[in-house]
Structures are given as structure tokens and as C-alpha cells.
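First the structure, in the form of C-alpha cells, and then the observations on it.
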Amino acid sequence: MPAMHATRLHDRPTSHLRRHRPSTQRIVRVTATAMLGSALAALTPGLSQAASYPVEEATIDSVMAAYRAGTTTAVEVTQAHLARIAAYDQQGPLINSLITVNPNAVQDAAALDAQLKQTGKPVGVLHGIPVIIKDNLDAVGMPMTSGFQGWKHYLPPSDATLVKKIRDAGGIIIAKASLSEFARGGGDNINSVVSGFARNPYNTAFATGGSSGGTGASLAASFGIVGIGTDTGGSVRMPAAHNALAGLRPTVGLVSRSGLVPLNSVRDTAGPMARSVADMATLLDVIAGFDPQDEATTRAKGHIARSYRAQLAPDALKGARLGVLSQIFTAKTADPRVIAHFQQTITELRAAGATVIEDFAIPELDRIPRPPQTAARFKDDLTRFIARHPGIPFPSVQAIADSKLLHPLHQAGFDAAAAARPVAEDPETIEGAANEQRYREAFTKAMDAAGIDAVVFPTWAQLPAINGDRNTQLTATPRPAPDAGPTALGSSLTFVGSSLQWPALSVPSGYLGEGLPVGLQILGRAWDEARIIRYAYAYEQSTHYRHAPASVPPLADSLASRFVGSWTLIGLDERSQDGRIRPSPRWPSTGQLIYGADGRLSVQIIKSARPTPASDSLARASGSELQGVVDGVSSYFGTWMLLPAERCVVHAQQGNFNPRQVGQHAKRYYSFDEAGQLSLETPPKADGSTSIIRWKRI
């Protein structure tokens, strides 16, 4: 890695770490960069073409459609993601979200292309889909560090069960993501000597959330299409909220933990993360299921849906009864901006058809001590994991504690674990298990009494913390005293699902502060994944909050980059069914089109002269870009995405001068001439004609 990149890793507000990190940081990052260089060296025919497929904000469906249509290959898609990783993870905005890039990713993709060409069928629902996995999961061919520098050269002999399922479904493990050491992360960020801070792509001064923040940031930056995090106390949901993703903590036992470094086996679970609920559900379809190596999965028998993805419906919130658990995010425990914003979320849920009960409460909740994650449980679980991994360095909790290779923030926790008594003799663990059962009984009783289908509340009580600052209360108020109230580090709203071991998810619900994403958390009863995923999908489809972060725009040589920018209208034509082209009745007009690098869209077209009633009627009948205009004006904003398999761009309208068109998803078939001018053609109308709108870049 060039020296300037190593320097940038240290030029952050981490003075309490600097003296511990330089030597190990440089070694690890050179290794990761070398592996990436090896992968990039295999790119054929090169990076300029590798980036031609627009992978920014790509979905499983869009990529699979392109494979079926023959308009791209798994090699091209993989190359495009590797190019983004090379450009943005350790350079440019320095997202710093990955520990290891798979040096065999391109070869894996080539094998999938060959199989598709030979058989005509994809391997599975993840055929050629680049997947990011958290680096506390075993994956053959890549080190498994769990964020601990003592394991940075350890190569596991087999895949974790869920990793094998991903590969069997055709998924390409493109990289392993950074995490707090041994997944001991929270509201601030990733604290690890191996990886250092990951940076939030929406504002790189801020945290990604822990401990799956590497997965979260890398997916937000389009380094992969879907990913895996792990959640013990909130480590899937929090980075999902901080990075505008959908992330699910499943019921414990729905997904195998075999090959996952444990933190608390009672609560641990892996979970899918994605930029859309549909992709999250598809990944869950792949990884859910029984595993004889994980006894907890026996509880899932009879509770696994045939398909979570197949049950998605945009109207799923109609008739749903949602209880707002406001007692856990009061003014004393939450940023007032989060509280105010959640009132808007409630309005949105109601607009989507839900009945929202705002005075729902769990009477016993404040009287039950919050069940802890104990040192005794961690010691017992990690000891059993190490026993199943012969040859792993520092092969005991005591050896890890004695190594002094831990991040300073985690040393005391390991010292306590090394000295802990067995689980069966530890009063704190025993009492915690009893209180977890009291939680389940209290929630079941209250939800049944109120007829509640699911519980809703913000994912996190504060906005993301500033990287390196473990004290600042992220509000407009000055830095508080240590006992002055909530901070980003002590404002967990994810403890509820973790204490219950029930399913909970986060779905994007907007942006606050300095453009920082926030999330809606939906909690269901045990094995209620299908229900809460349907609710999340309906909310997502009614709000469409997700947009790409501006810090990681399309690469200069990508297809998407050809669209990004401002355009001026230069022509409006009509194509008849027999192919003849004539000027549109709406010409001459003036107009401007803006495709933002963050996925935002703005369109405005104004008739040069006020239209006559006859010509206005003609435009409405034509179904053109100007259909439904008022006094010759077409003006809307929203988001855009490319469907290269169909050679079209989709305009999703979130606001329109004509309110009847709000919510419309309009396809425009694109082409570029030799001068780089853009033509957008509408789908055929009833009479077979189309409209062609021509633009020139400003």
C-alpha cells in the first residue's frame, strides 16, 4: 500500500490508539491490498471495461436479468465491484470497510460463467452475486481474524455453514468485512487493531455502527450486492440504520452459527443485510435452515418459510396493528431529532395502511433488570469454538488475554472472561437467563392483550457518533458531563430483540443531521420473520428513502457515469408505429434533466409558448414525458436507477407538479450518439407510438 494511504489510516481522531497500531496496521493492509492487486491483475480485458456494468445500487434481480439476457457476465460484475473497492476502500474517501479481498473472486466468477454457458441455467438464486461477509465467519481461502490481530494469518479449514450455502447458491464471496474485535462493538464504531475505524459513506467523519459496520459501509458503497452481519446486541440492525440498509436479526436458530466466532451463544445470530428488503429476503431464503452442527437450529423445525422473498407485497401493512414502544426512547434517553422524526415515521406507517397504537407499553419492562451479556458465557462459548479449530493461534481465552494484542478498549473484557467461573456457577448468567424469560413472557402478554402484530420504534436513539469520539452527545447541545444523559454509545434500542431472541429488523426511514441515515426497527414474535419482512417491504415501497451516498460515485469509466450530471433539452420527437419520426406537438420546449451521483433525479420541461387546449389534450393522450402537464409544465423529482439488461433507466417519481403521477416508476429506453447526446424513449403506447426526448450534457 502506498505510504500516503497508510498515513491516512492514522490521520483520524484516534490519539488513544496511535501508539498501538502503526506496525500491525501497515502489515495487515499491505496484505489486503496485495490480495486485491492479485484479483485485479486477473481482470480481463481490464479495469476500463470491468467498470462498464453499472453495479452502483445494483440488485439481485437486475443482475440476474442481465445474466439471463446475456448483456453482462459474472466476471464483468465482479470486476466492476473490485474496481470500486480499489478506488474507494483504501483510497479517495477511504471507507476502510474491508479486511480481506478474495484473491480468487474473478476465477470464481469465470467458473460460474462457464457453467451458465454450458447448462443454460444459473447455479442458484445468487448466481454471480458478489457477497460481503463479516470477518468472524469461516471462509476457505481467506483469513478469519474476528478483528483480532493474533488471528490475522489463520486460515480456517472449512466454510461456515451459511458461507457454504451462499456458495452453493452461486454467490461469490468477494470480501470479508471489518468488525470490532470479537464483535464487541456498539454505537460508536469498529474498534480493532486490525482494521481501525470504518467510515460512514454518507459522511465519512461519522461512524458506521458496530460491530457489523464493515458489512454495512461496504454495501452502502456498492462494494458488494448483499452481505452478512452478525447480531448479538444489535450489530446487524445498528449498521443497517447508519448506512441506509435493510438488515435482519433472525430468531435465534433460524440461521446456523456453525463457523461463526461466538460472543454469546444464547443471543448470537447471523443475519442478511442489503440495500433493499427484497434482496435481504432473498439472502435469508438461502441461509435459513437446519444444521446438525448447530443444535439451536433444531428449534426452527416447522417455522421456516418456503420463501420469504415470495411473500413480499407492497400493501402488506394494510390491516397490520403496530405498537409503538415509546417507553424505551423517551426524551431522557434519545436525541430529540430522533423522537420528532419518528412521529413522521408513524404518519408514514398509517398512510401505508397500518393501525398504529401509540400508547402501547410493556408494564413489567421497567421492573425487569436488563439481561447482560456475561463474561462467563463468552468464555464458555469461545472455548468451545477454539476446540473446533485446531491450529488456531492463541488457543484459549487466557492466551488471548495474555497476548496483549487486543485493542485497549477490549483488554479488560478479556481479562474478566479469563477469570470468569463456569456458566453453571455464575450468578449473573443464571439471573440473566431468568430475566430473558421474563422479557418473553411480558412481551407476549402485552402484545396478545393489545392485539399487536409487531412492535415498532427507532433502530437507535442517537445519530451515528463521530469517529474516535466516545463521549459526545450527538445533539445541538454542548458535550455533556459523564452523567448528563444519553450518548450515542449508551442509547441502544436494539437490546429488546436481543434479550427476547426474537426477530427484529431495521429498514431506512430517512436522514437527519448532516445527511446521516436513520432506521425504523420492527420487532416480531419468535419465527415471525415473514411477517415483519413483509411490513418492512411495504414501508420501503411507500417511502423509498434509500439513496446512494455521494462520497462513492460511479467510477469515471462506468455506464452510470455517462448519465450522472446536468442535461439540457434539445429535442422532442414522436415515433409512429411504422418507425417514422416527426417533431412532437410539444416542441419547442426548454428543459433540464439532472441525474445525481447519489441516485437523485430532477426533471423539468416547459413549453416555450403556452399550449392551446387542443395541444394540451394531445399531450395527455400521447403518454409522453409531458403527459399530464399543467399549462405546458412537466416537473418532477425522485430517484433513478439503470436496468442495463433492458437498456432502460427507471425514473421513480417522489414529487410531481401533477400530484396524480407521484409514485410512478417510468421506464425510459436510453441511447447515446457519437457526440454523447442522450436519447430517452418511452415504452410504446396503445397505438404503438413512442416519444423520444433528446438531451445534451451541460
Side-chain angles (χ1 to χ4, degrees), residues 39-40 42-85 102 104-133 163-175 219 222-228 272 274-287 307-310 312 554-555 557-563 641-650 667 669-670:
L40 293 178
L43 300 187
T44 305
L47 278 181
S48 62
Q49 294 187 23
S52 64
Y53 184 82
V55 297
E56 300 81 14
E57 301 292 302
T59 66
I60 292 174
D61 283 353
S62 68
V63 173
M64 292 294 284
Y67 290 159
R68 287 191 293 268
T71 57
T72 191
T73 64
V75 166
E76 184 179 33
V77 169
T78 301
Q79 289 171 341
H81 282 93
L82 289 171
R84 288 185 60 79
I85 291 169
N102 182 1
N104 299 312
V106 175
Q107 292 92 320
D108 294 345
L112 289 165
D113 285 336
Q115 188 161 349
L116 180 61
K117 183 176 181 180
Q118 180 180 4
T119 66
K121 296 180 180 179
V123 170
V125 296
L126 296 180
H127 181 101
I129 300 298
V131 182
I132 306 285
I133 65 170
V163 172
K164 183 178 185 302
K165 287 186 173 186
I166 289 169
R167 283 177 159 155
D168 288 347
I172 298 169
I173 307 300
I174 195 168
L219 292 179
S222 290
F223 296 163
I225 294 178
V226 292
I228 297 291
R275 292 185 293 268
S276 71
V277 174
D279 281 358
M280 182 189 77
T282 299
L283 184 54
L284 181 63
D285 281 342
V286 171
I287 64 176
S307 172
Y308 295 96
R309 169 66 187 270
L312 301 182
L555 298 179
D557 52 2
S558 70
L559 175 59
S561 69
R562 300 186 69 182
F563 290 81
M641 67 175 293
L642 287 169
L643 296 182
E646 301 181 44
R647 293 195 63 79
C648 75
V649 58
V650 178
K667 289 184 176 181
Y669 296 92
Y670 61 80

Is a donor on one side and an acceptor on the other found under 3.5 Å between the side chain of S561 and the backbone of L555?
yes
Which distance, rounded to the nearest 0.5 Å, do you find between the CG of L283 and the OH of Y308?
12.5 Å
If you draw a 6.0 Å radius around NZ in K165, do more than 12 non-hydrogen atoms from other residues or ligands fall strictly inside?
yes
Below 4.5 Å, heavy atoms only, C-beta onward: do I60 and V125 meet side chain to side chain?
no
Polar side-chain atom of S62 near backbone of A58 as donor-acceptor pair, under 3.5 Å:
no
R167 side chain to I173 main-chain N or O, any donor-acceptor pair under 3.5 Å?
no
Do you know the tightest heavy-atom contact between A278 and L312?
CA-CD1, 3.6 Å
Rounded to the nearest 0.5 Å, how far does CZ of F563 lie from CE of M641?
12.0 Å
Do V163 and I228 pass the side chain to side chain contact (heavy atoms under 4.5 Å, CB included) test, and can you show the C-alpha distance, the side-chain angles, and the key distance before you say yes or no?
CA-CA 9 Å; V163 172; I228 297 291; over 6 Å; no
From the list I129, V131, V55, I172, side-chain contact (heavy atoms from CB on, under 4.5 Å) with I225 holds only for I129
Residue pair S222 / E56: nearest heavy atoms and the distance that separates them
OG-CA, 3.5 Å
At their closest point, which heavy atom of A109 faces which heavy atom of T78, and how far apart are they?
CB-OG1, 3.4 Å
Test item: Y67 side-chain N/O and G128 main-chain N/O as donor-acceptor pair under 3.5 Å
yes
Shortest non-hydrogen contact from H127 toward P122
ND1-CA, 3.4 Å
Interatomic distance, L559 atom CG to R647 atom CZ [nearest 0.5 angstrom]:
8.0 Å
Looking only at heavy atoms, which two atoms of G170 and L112 are closest? And how far apart?
O-CD1, 3.3 Å
Mind checking whether T72 and P644 have side chains closer than 4.5 Å, heavy atoms only?
no
Rounded to the nearest 0.5 Å, what separates atom CZ in R562 from atom CG in L642?
11.0 Å
Report the distance from atom CD1 of I287 to atom NZ of K164, rounding to the nearest 0.5 Å.
15.0 Å
Rounded distance [0.5 Å steps], CG in L126 versus CG in D279:
9.0 Å
For a 4.5 angstrom cut-off between non-hydrogen side-chain atoms, does D61 reach R309?
yes
Of the non-hydrogen atoms in A74 and D113, which two are nearest, and what is the gap between them?
N-OD1, 2.8 Å
Any side-chain heavy-atom pair of V77 and P130 under 4.5 Å
yes
Under 3.5 Å, is there a donor-acceptor pair between the side chain of R275 and the main chain of T59?
no
